Amino acid sequence: MAPLFVFPQKLQALEKDDEEEYQGNRLFVQNAIDIARFRPSELEEFVKGVSFDLSDKEIYCIEEQDVFDRVYSLVRGFSSLAPSCKFILAESLRSNLSVLLPNVDSLVRVSQVQDDDETPTLDRVTSYRNAFKIYSFFLLHIILTEESNTGSSNNAKVIASSRKKQPVNSWNWESQRGRMLNLIANSLEINLSLLFGSADPDENYLSFIVKNTFSMFEKATLLKDSETKDALCHIIGACATKYHYTEQSSASIMHLLHKYDFVVTHMADAVAFAEKKYADGTLACSLIREIGRTNPKSYVKDTAGAENIGRFLVELADRLPKLVSTNIGLLIPHFGGESYKIRNALVGVLGKLVAKAFKDVEGEVSAKSIRLQTKQAMLEILLERCRDVSAYTRSRVLQVWAELCEEHSVSIGLWNEVASVAAGRLEDKSAIVRKSALNLLIMMLQHNPFGPQLRIASFQATLEQYKKKLNELEPVKLTEGMTDGVPSDNDSINGEGEVDNGNAEEVTNYQPESLTDSLAHTEQEIASQDSSVPDVGNVEQTRALVASLEAGLKFSEYIAATMPTLLQLMASSSATDVENTILLLMRCRQFQIDGAEACLRKMLPLVFSQDKSIYEAVENAFVTIYIRKSPVETAKNLLNLAIDSNVGDQAALEFIVGALVSKGDISSIAISALWDFFCFNVNGTTAEQCRGALAIICMAAKSSSAILGSHLQDIIDIGFGRWAKVDPLLARTACIAIQRLSNEDKKKLVLSNGSRIFGILESLITGFGLPDNIWYAAADKAIDALYILHPTPETLAADLVKKSLSSVFDGTRGDALQNDIASGNSIVLSTIQVVKLSRYLFVASHVAMNQLAYIESCVRKIQKQKGNKGKVDSEGTENAETQKDNGINAELGLVASEDAVLDTLAERAEKEIVSGSYSEKNLIGECALFLSKLCRNFVLMQKYPILQASAMLALCRFMIIDAKFCDENLQLLFTVVENAPSEIVRSNCTIALGDLAVRFPNLLEPWTENMYARLKDPSVSVRKNAVLVLSHLILNDMMKVKGYINEMAVRVEDKDERISNLAKLFFHELSKKGSNPIYNLLPDILGKLSTQDLQKVSFCNIMQFLIGSIKKDKQMESLVEKLCNRFSGVTDVLQWENISYCLSQLSFTEKGVKKLIESFKTYEHALSEDSVMDHFRNIINKGKKFAKPELKVCIEEFEEKLNKFHMEKKEQEVTARNAEIHRQKVGNMEGFVMAGNNGEESAESDIAEGVSDSEVINTPVEAQTESSNDESTSKLVEPEESSGACSEVTEQEEETEIQSQRDNKKGASRSRVKKSNMKDVKVTLSATTQRVTRLRKKVNKHPTIGQRAIHAA
């Protein structure tokens, strides 16, 4: 019998050591051959000889010493073999082992037949066992050797190139590796108990197999080969489950999971394979127990391990849901751990279990009840985790609910509860949670069980009908088990939140008819007043349908109630909020949720967003909703948008329509459909739709002006024809269309219909055919069109102004009226006169503005012509003389002088608009002088607010044109903007101030404070415009951020939400400029706000918002020092509190904490206040969270120092307060004496120790005082004890009196004190007399005090 083969720890251990004695009957290498000395040809012959022996002899010939030695030698030097030799050796070993495995079964049959003679069988078993071990060992060693060599780049290249067509006997390691590992995995499936003599194989064999298998799991590239990965999973599952190698395998799996993230799914596959292959979940249960047993705190530090473990649990729950559900109790305690990654994973596990573990409805009633209770408990945990402290976990829970909705695993009974939670999470402070909540609501709408239409009115109507039907079928009221139409847990939910199976099936089967068809035909049913409704069956089915309808109604109401929140989210600074909100609103519109259409209209201004993703989201939504229809429907959608939009929405609509026309998304067919609506070619078209169609065409013409050229005559005939009287705004839109014409079309229009179009425009401006509210807008665009079309617009504009003037001041009475208005006399104007005067001022001012723009356009044309001429000259051939002349002109500066002349002419032309020349009268200048006087007639202005609005608007326009006129009327403008009763006037003037600041910044600079004062206007409209104007000026560097920025900060807490949002947006944009100006402004804002009458909450909110916009650590650290320095010289407690609050809101770094500690001297005097101390405690708590051990010690010492100083300051305050109380009491007592001595005269009194006499003469008063004192003293009852305070007072009085006597001794030579100086008289009194007098007076007025004082004396 051959020696036994024992698995060694390493290959070299098979070589026998000569110094060691030969122990036992073990197989060792007797004669190892060094194959390195062979030449390649010799080595190949050697390999072939070994291969021949292995194939020619018995399968177990490998245990023969000679064969064993030669195979060992080749395996030891395997890496140095040629590829062909490697293939021959590996294939020989693999084929022999594959032949050996089936022979084990035949060996079992032979052993059963040869019961009488067992010796040959035992010998064969031993040989088979030896051969099995040797083949397995050598094959595994070849795999490990080859894998260790594949790490180099050269081998990688060889492998990559070897994937092409290979010869049959070539060495392709990837395919060979998979075949070898599969063979080893299959070897574990045979009856190894016969080979090893026990149920479990040899320990050394299993440990060697498992150890090397897990080592191969550490290579990510190896696991990419599916054949290799499946073989490794097979080996792990067989060893751990079939051969009870569970504990060691569990430990190895846990180690790999903590260390490598790429093994997670593969380990889950291995565990799942073990359970399915052998119907034994021991390995999975062992791993779950191990994870559950782990201390939750250990996952806090090992974040990577926690994430891998969590992913593994989710993968395991996905593959083995029932097994995990029975062991979920081991994992639930980890919900209380601090690692949010583990909680995230457990949430995912519960989601997988709810979706997959409870689908089997078969089994006993008790078992089914337990499963349903378990499922209900899991759903409750998922709902509870929606309020987890971690935003990541809250987000993950909502994602899990979305997955459950997608898989239809949420019951109708639980649907609305989930919807309510999702709606609440829309206001979460974390963006990722809001994103998940939006996605959940999208998924709930998409997979809702209530139907494709969720209009509340339709649901209510249908529900009412089926309730009546139910009452007819069952007159008795609904049982108590029905609450709000949703079945309770007792009767039809079976304890897990789902409608009973029978009812659920009936509802599901009926839904297409009941919830779709009945809703679609609700209007017809109501109109026909037909009480009959589609019959759904018996009472139970009707009750189930009513319950479902009520649940659907509640769901619709939940979604509709989120519309205000969704509007806020569309204004969010987070792009994901905006994108997902738009997607949700589109889904809501698809299901006809109430309010969704109106909310989608609000997304149009977002096209101006600088964030590309937001713009793309809006554009995609716009195209999906309004454009991807038939051409006629597209046109109708667009014109309806134009009709219903406000000014802001129209600007956004114009922008997006222009972009879509450029991209071709709005086709020419859709444009043709719009022309059909404009030309009334579509039946039923209204004048309003005609205007809307022309408005959209004008928007499209901004990108492609040729669109308008084909319908010039239609624009004139319809736009200014009879339909303009039906819809007056149509004329205004037609004027816009004229402005958008291409240059060729403009010339064509002037040539063909010039006189007609100018006549129409003139009549539109000077006529009275349009109502006042529309005339101004139409006249505005008409004057603009006139200046664009007419070759010499100033002549026609002058006629317009003259006609408008003559309509106001016509005849002889006109001059007198004009003089009365200009002189400021109190006159009475008729309504017609007010309207005409207002229109005249508007026309004159708007003509002046257009004249200014016309001058600038002329200058640009001249400059452009010069540029084109120079370009042509440079491109053409010039003779030497011309080039020489140009060079001389350039050197002499003649070219620059031409530009200067042009600028001078332009400046002169601009001045002549308003100021004119001194020798000639100027049409607009005369109007400006009259207007200035008119605006100063405050009595007239207050009497006619409409006139004041027009006059001030015209005045502001003239001021914008001319600097001199602006300077002369600035005082008037600020007077009006502060005192005008009309908020419209104040708003217009505020907007005009912004334009003036852009045009004449030097003139407006001294009035900066007055501009900021508009932020405190009582009118919401004025404050809003002031915020907008100042934001524009500051953010575009047209106005410096002065010391009045605190007024803008106060608007952050404005009562009006829009103003508050605008102010926040301003500071948000300001923080992006340069190095964040808010950092430099913050101390000044803090100081100014502290002196304003602000509520504490408002101050805190403002400063918290401003500090939140500072992100840089260096700026935060510097702010610590700046704020600490502000404590110096401040004695106001309120300012101490404000500064300390701002300090507590800073994000502290290690340097920041150190600076705070170093600045202790600056704020130590403020630590006596409890509120200040509380803020410093908040800072300390913040610092402890991120502090390193060394810094933490410093913070703790600092905390002790603060507390100690705080207590000392408190004691000092108490002492000072007591001393002040005591001083006040002493002063009160002295006051009584002084009051008693006011009417006394000097009396004589002998003073001891040589002091000169003094006389005090006041006999009547003294007698009266003595008599009264005697009367009072007779009534005194001396108390047994007196208060300590009075005792202290008396003692101090005695000390004062003694000191007074000493002073009197020193100043005796100055006696004869005057009567008027009562204090000196009091000092000269003797101590006894002074005391008695005081006590007598006290007793007269305050007997109790007198008693105590006498007792103390």
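It should be emphasised that the depicted structure is a prediction, and the values quoted were computed from it without experimental measurement. For this chain, numbers begin at 1 and follow the sequence in order.
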*Asks:* Looking at Asp577 and Thr581, what are the two nearest heavy atoms and their distance?
*Replies:* O-OG1, 2.5 Å
*Asks:* Would Leu470 and Leu545 count as a side-chain contact (heavy atoms from CB on, under 4.5 Å) here? Give the steps.
*Replies:* CA-CA 10 Å; Leu470 181 61; Leu545 177 60; over 6 Å; no
*Asks:* Could you work out, with ring-ring contact (aromatic ring centres under 6.0 Å, His included) as the rule, every residue matching Tyr340, not counting sequence neighbours?
*Replies:* Tyr392
*Asks:* Contact between Lys467 and Leu463 at the side-chain level, heavy atoms closer than 4.5 Å - yes or no?
*Replies:*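 The answer is yes; the side chains approach within 4.5 Å.
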*Asks:* Taking His334 for its side chain and Ile291 for its backbone only, find out whether a donor-acceptor pair lies under 3.5 Å.
*Replies:*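 Here the side-chain-to-backbone pair exists.
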*Asks:* Quick check against the 3.5 Å criterion: does Asn308 have a side-chain atom that pairs as donor or acceptor with the backbone of Leu257?
*Replies:* yes
*Asks:* Is the number of heavy atoms from other residues, nucleotides or ligands within 6.0 Å of CD (Glu338) greater than 12?
*Replies:* no
*Asks:* If you look only at pairs with a residue in residues 226-238, which of them pass as a salt bridge (Lys or Arg N to Asp or Glu O under 4.0 Å), with sequence neighbours excluded?
*Replies:*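 For residues 226-238, and leaving out neighbouring residues, the salt bridge (Lys or Arg N to Asp or Glu O under 4.0 Å) pairs sorted by first residue read Lys229-Asp269.
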*Asks:* With distance as the sole test, does Asn416 use its side chain to make a donor-acceptor pair with the main-chain N or O of Phe555 at under 3.5 Å?
*Replies:*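 Answer holds: yes.
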*Asks:* Are Arg293 and Glu290 close enough for a salt bridge, meaning some N to O gap below 4.0 Å?
*Replies:* yes
*Asks:* Looking at side-chain heavy atoms only, is the closest gap between Ile309 and Asp302 below 4.5 Å?
*Replies:*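 Counting from C-beta outward, Ile309 and Asp302 never come under 4.5 Å.
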*Asks:* Going through the checks in order, is the side-chain contact (heavy atoms from CB on, under 4.5 Å) test met by Leu441 and Leu426?
*Replies:* CA-CA 10 Å; Leu441 288 174; Leu426 291 178; 3.8 Å; yes
*Asks:* I'd like to know if the side chain of Ser395 reaches the main chain of Ala391, judged simply by a donor and an acceptor atom lying under 3.5 Å from each other, with no hydrogens or angles considered.
*Replies:* no
*Asks:* Does the Ser556 side chain pair with the main chain of Leu454, one donor and one acceptor, at a distance under 3.5 Å?
*Replies:*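 Here the side-chain-to-backbone pair exists.
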*Asks:* In the structure I gave you, are the side-chain heavy atoms of Lys322 and Arg371 within less than 4.5 Å of one another anywhere?
*Replies:*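 No, side chains not in contact.
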*Asks:* Just jot down the side chain to side chain donor-acceptor pair (under 3.5 Å) partners of Lys341, sequence neighbours excluded, or say none.
*Replies:*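 For Lys341 the side chain to side chain donor-acceptor pair (under 3.5 Å) partners, ignoring immediate neighbours, are Glu307.
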*Asks:* List the steps and the verdict of salt bridge (charged side-chain N to carboxylate O under 4.0 Å, His left out) for Arg311 and Glu315.
*Replies:* CA-CA 6 Å; Arg311 287 174 51 212; Glu315 295 288 343; 6.0 Å; no
*Asks:* Sequence neighbours excluded, which residues qualify as side chain to side chain donor-acceptor pair (under 3.5 Å) partners of Ser573?
*Replies:* none
*Asks:* Checking Leu440 against Val421 for the side-chain contact (heavy atoms from CB on, under 4.5 Å) test, could you report, in this order, the C-alpha distance in whole Å, the side-chain angles of both residues, the deciding distance, and whether it holds?
*Replies:* CA-CA 10 Å; Leu440 172 55; Val421 170; over 6 Å; no
*Asks:* Tell me every residue that passes ring-ring contact (aromatic ring centres under 6.0 Å, His included) with His258, counting only those two or more places apart in sequence or in another chain.
*Replies:* none
*Asks:* Do any pairs count as a salt bridge (Lys or Arg N to Asp or Glu O under 4.0 Å) and have a residue in residues 244-257, sequence neighbours left out, and if so which ones?
*Replies:*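 Every candidate salt bridge (Lys or Arg N to Asp or Glu O under 4.0 Å) pair involving residues 244-257 fails, so no pair, neighbours aside, qualifies.
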*Asks:* I'd like to know if Arg543 pairs up with Glu540 as an ion pair, taking the criterion as any Lys NZ or Arg NE/NH1/NH2 lying under 4.0 Å from an Asp or Glu carboxylate oxygen.
*Replies:*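 Yes, charged N to carboxylate O under 4.0 Å.
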*Asks:* Please check if any side-chain donor atom of Ser574 sits under 3.5 Å from a side-chain acceptor atom of Thr576, or the reverse.
*Replies:*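 Indeed, the side chains of Ser574 and Thr576 share at least one donor-acceptor pair under 3.5 Å.
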*Asks:* Any side-chain heavy atom of Pro564 sitting closer than 4.5 Å to one from Gln568?
*Replies:* no
*Asks:* Between the main-chain N or O of Pro321 and the side-chain N or O of Lys352, is there a donor-acceptor pair closer than 3.5 Å?
*Replies:* no
*Asks:* Apply side-chain hydrogen bond (donor to acceptor under 3.5 Å, both in side chains) to Asp280 and Thr282, showing your working.
*Replies:* CA-CA 6 Å; Asp280 187 351; Thr282 306; 2.3 Å; yes
*Asks:* For the CG atom of Leu287 and the CD1 atom of Ile253, what is their distance to the nearest 0.5 Å?
*Replies:* 5.0 Å
*Asks:* With sequence neighbours excluded, what pairs up with Asp318 under the side chain to side chain donor-acceptor pair (under 3.5 Å) test?
*Replies:* Lys356
*Asks:* What residues form a side chain to side chain donor-acceptor pair (under 3.5 Å) with Glu579, not counting sequence neighbours?
*Replies:* Ser613
*Asks:* Is the shortest heavy-atom distance from the side chain of Phe312 to the side chain of Leu256 under 4.5 Å?
*Replies:*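 Of all side-chain heavy-atom pairs linking Leu256 with Phe312, none is under 4.5 Å.
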*Asks:* Taking only residues two or more places apart in sequence, or in another chain, which ones meet His255 in a ring-ring contact (aromatic ring centres under 6.0 Å, His included)?
*Replies:* none
*Asks:* Going by the rule ring-ring contact (aromatic ring centres under 6.0 Å, His included), which residues pair with Tyr245 if we only count those two or more places apart in sequence or in a different chain?
*Replies:* none
*Asks:* If you count the non-hydrogen atoms of other residues, nucleotides and ligands that lie under 6.0 Å from NZ in Lys602, is the total more than 12?
*Replies:* no
*Asks:* For Phe358 and Leu372: C-alpha separation, side-chain torsions, deciding distance, then whether side-chain contact (heavy atoms from CB on, under 4.5 Å) applies.
*Replies:* CA-CA 8 Å; Phe358 304 98; Leu372 293 179; 5.8 Å; no
*Asks:* When you measure from the side chain of Thr228 to the backbone of Lys224, do you find a donor-acceptor pair of N or O atoms at a distance under 3.5 Å?
*Replies:*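 Not a single qualifying donor-acceptor pair exists.
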*Asks:* Could you name each residue pair satisfying ring pair (Phe, Tyr, Trp, His ring centres under 6.0 Å) that touches residues 260-291, not counting sequence neighbours?
*Replies:*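 The answer is His234-Phe273, Tyr260-Phe262.
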*Asks:* Using modelled atom types only, decide if a donor and an acceptor are shared between the side chain of Ser339 and the backbone of Val300 within a distance under 3.5 Å.
*Replies:* no
*Asks:* Side chains of Cys233 and Phe217: does their closest heavy-atom pair fall under 4.5 Å?
*Replies:* yes
*Asks:* Please tabulate, one pair per line, all N/O donor-acceptor pairs under 3.5 Å involving side-chain atoms of residues 584-600, not counting sequence neighbours.
*Replies:*
unit_1: Arg587; atom_1: NH1; unit_2: Gln590; atom_2: OE1; d: 3.0
unit_1: Arg589; atom_1: NE; unit_2: Glu597; atom_2: OE1; d: 2.7
unit_1: Gln592; atom_1: OE1; unit_2: Arg455; atom_2: NH1; d: 2.0

*Asks:* Do Asp428 and Ser430 meet the criterion of a side-chain donor-acceptor pair at a distance under 3.5 Å?
*Replies:* no
*Asks:* Report yes if some heavy atom in the side chain of Leu382 is under 4.5 Å from a heavy atom in the side chain of Leu404; otherwise report no.
*Replies:* yes
*Asks:* For the backbone of Glu417 and the side chain of Ser420, can you confirm whether one donor and one acceptor N or O come within less than 3.5 Å of each other?
*Replies:*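 Side chain of Ser420 to backbone of Glu417: no pair is present.
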*Asks:* Would you check if the side chain of Ser252 reaches a backbone N or O of Gln248 as a donor-acceptor pair within less than 3.5 Å?
*Replies:*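 Judged by distance alone, yes, a pair lies under 3.5 Å.
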*Asks:* Please examine the side chains of Phe214 and Met267, heavy atoms only from C-beta on, and report whether any two atoms are closer than 4.5 Å.
*Replies:*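 The answer is yes, as the side chains (C-beta and beyond) meet within the 4.5 Å cut-off.
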